[in-house]
Student: 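Can you read through this structure? Questions will come right after.
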Amino acid sequence: MSRRLGRGFFARPTLEVAPDLLNKVLVAPGVAGRIVEVEAYRGSDDPGSHAYRGPTPRNEVMFGTAGHLYVYFTYGMHWCANVVTDGPGTPGAVLLRALTPLRGFARMRQRRPAAMRDHELANGPAKLAQAFGLGKSHDGADLVRACHGVSVRDDGTPPPERPAVGTRIGLSQGTDLPWRFAVSEVAEVSRPVPGR
DNA sequence: ACCGGGATGTTCT
DNA sequence: GAACATCCCGGTG
């Protein structure tokens with residue numbers, strides 16, 4: 001039994017939403033996975049955020065309504081998926097970095113032939129986007145309305161009381177901010193969180 | 001096990 | 001023209 005998250009869950013400050021997303025379930029057609037690692041990004045005072053220098057064609061959905069997907073293309077071959085947070089005009093998003101696969105193993109493996117084991121199907125931001133078939137067409141999709149069959153659900157598993165906290169990965173600015181959150185001791189975390 | 005580099009093209013300066 | 005919220009493979013030890 002589970003229920004889809006509503007607008008109110010997402011329309012809160014980014015740094016509140018990010019840890020609350022841990023242990024929620026991301027669903028796409030034929031597949032599902034538990035969110036076990038995320039990173040918070042916000043525009044106003046976060047030099048690591050795509051929104052830091054103001055709106056552009058790429059990042060405009062970060063400035064829009066909470067609960068939509070922000071999907072961007074990077075390194076010439078990878079897609080990464082964020083959940084938009086906070087209020088209209090206040091840019092914020094949470095990057096989904098790792099999932100524990102729950103359903104649709106065969107489908108994910110088909111999309112990610114390089115994964116040797118189940119826990120490698122979605123243990124990275126670009127890996128999970130590929131495993132879930134997320135790409136350009138999903139940028140701006142409304143999770144609350146389950147556009148394209150993509151939504152976030154609560155199956156009754158609460159977020160960890162003490163999530164692992166660390167700095168974000170792959171940035172050249174904002175590297176000091178401890179805005180990476182993970183469920184401790186799960187195999188799917190993309191990289192170990194120092195100090196826990 | 002660990003490390004280094006190449007892939008590949010959009011986005012913004 | 002540089003940077004990029006990454007991943008994978010092949011080298012070495």
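Chain letters run A, B, ... following the sequence lines, proteins first, then strands; residues in each count from 1. All values below come from the heavy atoms of this structure, side chains included, with hydrogens, waters and symmetry mates left out.
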Student: Consider only side-chain heavy atoms of I, L, V, M, F, W and Y, link residues closer than 4.5 Å, and tell whether A:V71 and A:V94 are in one cluster.
Tutor: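 Linked, A:V71 and A:V94 end up in one cluster.
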Student: Under 6.0 Å from the ring centre and within 45 degrees of the ring axis: does the NZ or CZ of A:R103 meet both conditions for the six-membered ring of A:F105?
Tutor: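 Verdict for A:F105: no cation-pi partner in A:R103.
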Student: Taking the six-membered ring for Trp, are A:Y72 and A:H50 closer than 6.0 Å centroid to centroid?
Tutor: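 For A:Y72 and A:H50, the ring centres are under 6.0 Å apart.
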Student: Under a 4.0 Å N-O cut-off, is there an ion pair linking A:R109 with A:D118?
Tutor: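 So A:R109 pairs with A:D118 through a salt bridge.
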Student: Determine the stems involving DNA chain C; a stem requires 3 or more consecutive pairs of the Watson-Crick or G-U wobble kind, each with both distances below 3.5 Å, and the answer is none if no such run exists.
Tutor: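 Result, WC/G-U stems under 3.5 Å: B:1-7 with C:6-12, B:9-12 with C:1-4.
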Student: For A:S49 and A:R42, test the side chains for any donor-to-acceptor distance below 3.5 angstrom and give the result as yes or no.
Tutor: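 Looking only at side-chain atoms, A:R42 and A:S49 do not form any donor-acceptor pair under 3.5 Å.
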Student: Passes side-chain contact (heavy atoms from CB on, under 4.5 Å), A:V183 versus A:V189? Steps please.
Tutor: CA-CA 8 Å; A:V183 179; A:V189 168; 5.8 Å; no
Student: Summarise how protein sits on nucleotides 1-11 of chain C as a single string, 5' to 3': B when a protein heavy atom is under 4.0 Å from the base, S for sugar-phosphate-only contact, - for no contact.
Tutor: ---BBBSS---
Student: Salt bridge or not between A:K127 and A:E120? Use side-chain N to carboxylate O under 4.0 Å.
Tutor: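 So A:K127 does not pair with A:E120 through a salt bridge.
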Student: Nucleotide range of DNA chain B contacted by chain A, 5' to 3', under 4.0 Å to a heavy atom?
Tutor: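 Reading along DNA chain B, I get B:dA7 to B:dT13.
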Student: Hey, could you give me the CZ/CD distance between A:R168 and A:Q173, rounded to the nearest 0.5 Å?
Tutor: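 Going from CZ on A:R168 over to CD on A:Q173, the span is 10.5 Å.
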Student: With distance as the sole criterion, is a donor-acceptor pair present between the side chains of A:R34 and A:T100 under 3.5 Å?
Tutor: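 Side-chain D/A pair, A:R34 to A:T100: absent.
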Student: Salt bridge check, A:D20 against A:R12: does any charged N sit closer than 4.0 Å to a carboxylate O?
Tutor: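 A salt bridge is present here (some side-chain N lies under 4.0 Å from a carboxylate O).
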